[in-house]
Every structure is written in C-alpha cells, then in structure tokens.
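Heads up: the structure comes next, in structure tokens.
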Protein chains: 2
Amino acid sequence: MPRPPIDPTSLPGRPCSIASALEIVGDRWSLLAIREVMFGNHRFGEIARNTGAPRDRLSARLKGLVQAGVLERRPSEHDPRYEGYHLTEAGRDLAPVLRTLLAWGDRWAVTSPPMRMLHHDHPLAPATICTTCGELADPADLTRETRIPHWTDAGHEPPAA
Amino acid sequence: MPRPPIDPTSLPGRPCSIASALEIVGDRWSLLAIREVMFGNHRFGEIARNTGAPRDRLSARLKGLVQAGVLERRPSEHDPRYEGYHLTEAGRDLAPVLRTLLAWGDRWAVTSPPMRMLHHDHPLAPATICTTCGELADPADLTRETRIPHWTDAGHEPPAA
DNA sequence: GCTGACGGTTTGCTTATCAAACCACGACCG
DNA sequence: CGGTCGTGGTTTGATAAGCAAACCGTCAGC
C-alpha cells in the first residue's frame, strides 16, 4: 500500500475507521469510479462517461485512489499499449460497501431499482452474518467497544480532574 | 419519506442506486453524523463535536438528511424540551453501510482499529450471505442485470443505427 | 505530415467549505 | 428585573474545491 495507513486520532472528531475510510473514498466521485472499475471499465474515458464526473476531478481522484492503494495502473492483457486502472485487493474489498449502498439505495433512494444483483441465477437478498458464530448479525446484539482512552459512545471525556 | 425518491436516469452517468444513495449520504459529513445519531448522540452540539464538522455544514447536512427522510426531529423522552435528531427506518437501515465501511477501514485505512464491534460478546466478523439460498455471497457468483435500455456493464450504447 | 482517438491538464469562472463571530431563545441567578 | 450561561443554530468573509470547456501531447492509421 503506497499510502501509509491513517492514524485515526489524527483526524478531527471521534477516532473511527469509518472516518478514516471516508477520508479515502468518501468524496463525490471515488466510489462511482471504483464501481466502474469493478464493472470492468478500466479506461479513463469509460470511467468519465459512466460516472459523469468532470475529467479533472476524476483525474485527481484516480490519482488519489492509486496513491491510497485502492487502484493500480497495469497494462491490460488484451491491449498492452493502454495502462488501465485496476482494483487492488483493497479495492476488491470495497465490494461489500458498494453492495450495501446499492441495497440501501434500491430500498430508500430510487423510484425503481435500475439494476439488480444476481446470485447464481436468483436475485441477491443480502444479509450480514457473524462468521465466528454463524448467526445473523441482529443490530440488537451488537455493541461497540472503543479502544481509545477517554472516548465513549457519547464522545470525548477528558479525565475527570 | 418527505423527499421524493430519485429517478436514477435523471442523474449524470450510469443509472444506479449507488449514485442515488450517494446523492443523499455521499458527502463528507452525512455518514459521520448518522454514525453519531446511531451511537445515541441526538443533539446538535454532540454531533458537531464528535464528527468535527463545521457547524454550518452540519446544520445544512442535517437539514438535508431530515428532508431525505433519513433523520427526523423528535423531542427526547428524557428531556422533552430539546428536539433531538433521531433515525428513521431508512436511517437505521444505513447500519449495514456503516458496518461495511468500518470493516473496510479497519482493514485498509488505519494503523490500528480504534473501535471494535462486538456481537454478543465476541468480535463481529461480518460476511454477506444471500438469504434466498442461505449461501455466502461469493463475488464470483454475482452478476449484474441492468434494467435500463441501452445500458450495459460497459456503459451506454445507443441503439445501433 | 494530416487526422482522429485517447488520456489527461489548464483555464476561467462559479460554488462550496471553513473557522470564527454573531444572534436568538430559554433557564437560572441574584 | 438585568446579567450570564448553555444550546442551537445563522451569518460573514476569506479560502479552497468544483465545474465545463478548451487545450495539449502522444500514438496509430492513412
């Protein structure tokens, strides 16, 4: 990973991997660019057209994502004279994020789902399980444990005098 | 839902629920604000402190999220003189998005996870299954089906003349 | 060496973002 | 009743980012 990992305490607000993750992919175009690469579109022009992003913004974001180790440039097998954008392992690992966003958008953001995910040959109905116990991850069974001193769910609490 | 759902074809680029979802929660502060509300922080000041967002931005985003039907204002039970921000069902349904982002950030974005999700009393190891067949959703078994004419994985293809 | 496609970069303008100051309201204090 | 504190924002003025469109360099084909 070219980009060093972020120290979560260096960001403003609560130290949290969500904030750190958003530091990398949390802007207007990054996730859409990653979606396109995941769909098999590896070239600048394709990504620009299919996301609708301005070319200069896209150029900057792709640079950032390469820097962050989410994308890498690599000559395409079929056409070795072009260096396309490809997913690294970190990039491929964003698939669940895009899937949950897609599922949420399908349910809450759009008039009618413009795309469907198929698992084998039936529509995917995704749910999260906990692989250590195999059970469905019911929000009611989840708790958080903050590992940074003086931080709780409620916020930052400096040591009482 | 106060806000009408988005027609995905009205957005630039590929019609896709991911883009529509990002239209609602895809900016720098929304998801962090939602995280705070999910953590039980319902007041403007708490959210501002714990996210690090500038107050004017936060004010604008919270308005937008209320408009979008992700948050709602409701007097707190304990202290009925304050109208706090609370999650709607759409907001609660963003939990999986935050969980996947957290998991990705833990793995790829930070030096060391500042927070841990506990399922019952063991660390949560999330994975996606398909509830229709019960199997783990292996990316290799997933395909996409676009339901908008002239759009494929590769992009927009106007009807051949 | 001309033309066109590709992959960006530069330009000039518009818009968003930010930190800090400001304001309104209610509670509480005397 | 005036003063001041906590809360929840809004306003302000400077800075940075975003955008569409034009431009540039490279390579391929002719």
Side-chain angles (χ1 to χ4, degrees), chain A residues 10-13 19 22-34 36-37 40-68 71-86 154-158, chain B residues 10-13 19 22-34 36-37 40-68 71-86 154-158:
Chain A
S10 71
L11 297 176
L22 290 174
E23 199 69 13
I24 298 174
V25 298
D27 73 284
R28 191 162 171 59
W29 301 113
S30 291
L31 283 174
L32 294 182
I34 291 162
E36 286 307 315
V37 178
N41 298 310
H42 303 290
R43 298 166 52 164
F44 185 88
E46 295 171 331
I47 301 173
R49 252 198 322 284
N50 292 342
T51 57
R55 298 164 71 82
D56 63 334
R57 292 294 80 217
L58 185 61
S59 174
R61 293 321 296 155
L62 291 174
K63 269 193 181 62
L65 291 170
V66 168
Q67 190 88 34
L71 297 178
E72 62 185 352
R73 308 217 56 181
R74 167 153 51 83
S76 150
E77 286 123 33
H78 300 300
D79 193 344
R81 76 177 179 283
Y82 287 119
E83 257 206 329
Y85 294 92
H86 291 260
H156 188 241
E157 286 163 3
Chain B
S10 72
L11 298 176
L22 290 175
E23 200 69 14
I24 298 174
V25 297
D27 72 284
R28 189 163 172 61
W29 301 114
S30 291
L31 283 173
L32 295 182
I34 291 162
E36 287 306 314
V37 178
N41 299 309
H42 303 291
R43 298 165 53 162
F44 185 88
E46 295 172 331
I47 301 173
R49 253 198 320 285
N50 292 342
T51 57
R55 299 164 71 81
D56 64 334
R57 291 294 80 217
L58 186 61
S59 174
R61 293 321 295 155
L62 290 173
K63 267 194 183 60
L65 291 170
V66 168
Q67 190 88 34
L71 297 178
E72 62 185 352
R73 307 215 59 179
R74 166 154 53 81
S76 149
E77 286 123 34
H78 300 301
D79 194 344
R81 78 177 177 285
Y82 288 118
E83 259 207 328
Y85 294 92
H86 291 261
H156 188 242
E157 287 164 3

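A, B, ... follow the sequence lines: proteins, then strands. Residue 1 opens every chain.
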Nearest heavy-atom approach of A:Ala33 to A:Leu58 is CB-CD1, 4.1 Å

Work out which heavy atom in B:Leu65 is nearest to a heavy atom in B:Ile24; give both atom names and the distance.
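Result for this residue pair: CD2-O, 3.8 Å.
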
With a 4.0 Å cut-off on heavy atoms, is B:Arg61 in touch with a base, just the backbone sugar-phosphate, or nothing at all?
nothing

What is the distance, rounded to the nearest whole Å, between atom [atom1] of [X] and atom [atom2] of [N]?
| X | N | atom1 | atom2 | answer |
| --- | --- | --- | --- | --- |
| A:Tyr85 | C:dG7 | OH | C1' | 8 Å |
| B:His42 | D:dG8 | NE2 | C1' | 17 Å |
| A:Leu58 | D:dC19 | CG | P | 11 Å |
| A:Arg57 | C:dC13 | CZ | C1' | 15 Å |
| A:Phe44 | D:dT26 | CZ | P | 18 Å |
| A:Arg28 | D:dA17 | CZ | P | 17 Å |
| A:Glu83 | D:dG25 | CD | P | 21 Å |

Distance test, side-chain N/O of [X] to OP1/OP2 of [N], below 4.0 Å:
| X | N | value |
| --- | --- | --- |
| B:Lys63 | D:dG8 | no |
| B:Trp29 | C:dC18 | yes |
| B:Arg49 | D:dG8 | no |

For A:Ser30, enumerate each residue passing the side chain to side chain donor-acceptor pair (under 3.5 Å) test, keeping only those at least two apart in sequence or located in another chain.
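A:Ser30 satisfies side chain to side chain donor-acceptor pair (under 3.5 Å) with A:Asp27, A:Arg61 only.
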
Stems for DNA chain D (at least 3 consecutive Watson-Crick or G-U pairs, under 3.5 Å) come to C:1-30 with D:1-30

Choosing from D:dT10, C:dG8, C:dC18, which nucleotide comes nearest the side chain of B:Ser59?
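Shortest atom-to-atom distance from the side chain points to D:dT10.
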
Looking at the side chain of A:Arg73, which of D:dG9, C:dA19, C:dG8 is the nearest nucleotide?
C:dG8

Are A:Leu32 and A:Asn50 close enough that some pair of their side-chain heavy atoms sits under 4.5 Å apart?
no

Sub-4.5 Å side-chain heavy-atom contact between B:Arg28 and A:Glu23:
yes

Could I get a table of every N or O pair under 3.5 Å where one atom is in the protein and the other is in nucleotides 20-24 of chain C?
none

Please list, chain by chain and in numerical order, all residues satisfying salt bridge (Lys or Arg N to Asp or Glu O under 4.0 Å) with A:Arg55, sequence neighbours excluded.
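If we apply the salt bridge (Lys or Arg N to Asp or Glu O under 4.0 Å) test to A:Arg55, skipping adjacent residues, there are no hits.
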
Please list all pairs passing the ring pair (Phe, Tyr, Trp, His ring centres under 6.0 Å) test where one or both residues lie in residues 40-68 of chain B, with sequence neighbours left out.
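Qualifying pairs, neighbours excluded: B:His42-B:His86.
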
If the condition is side chain to side chain contact (heavy atoms under 4.5 Å, CB included), which residues does B:Pro12 pass it with, not counting sequence neighbours?
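For B:Pro12, no residue satisfies side chain to side chain contact (heavy atoms under 4.5 Å, CB included) once neighbours in sequence are set aside.
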
Taking atom CG of B:Leu22 and atom CH2 of A:Trp29, what is their separation to the nearest 0.5 Å?
10.0 Å

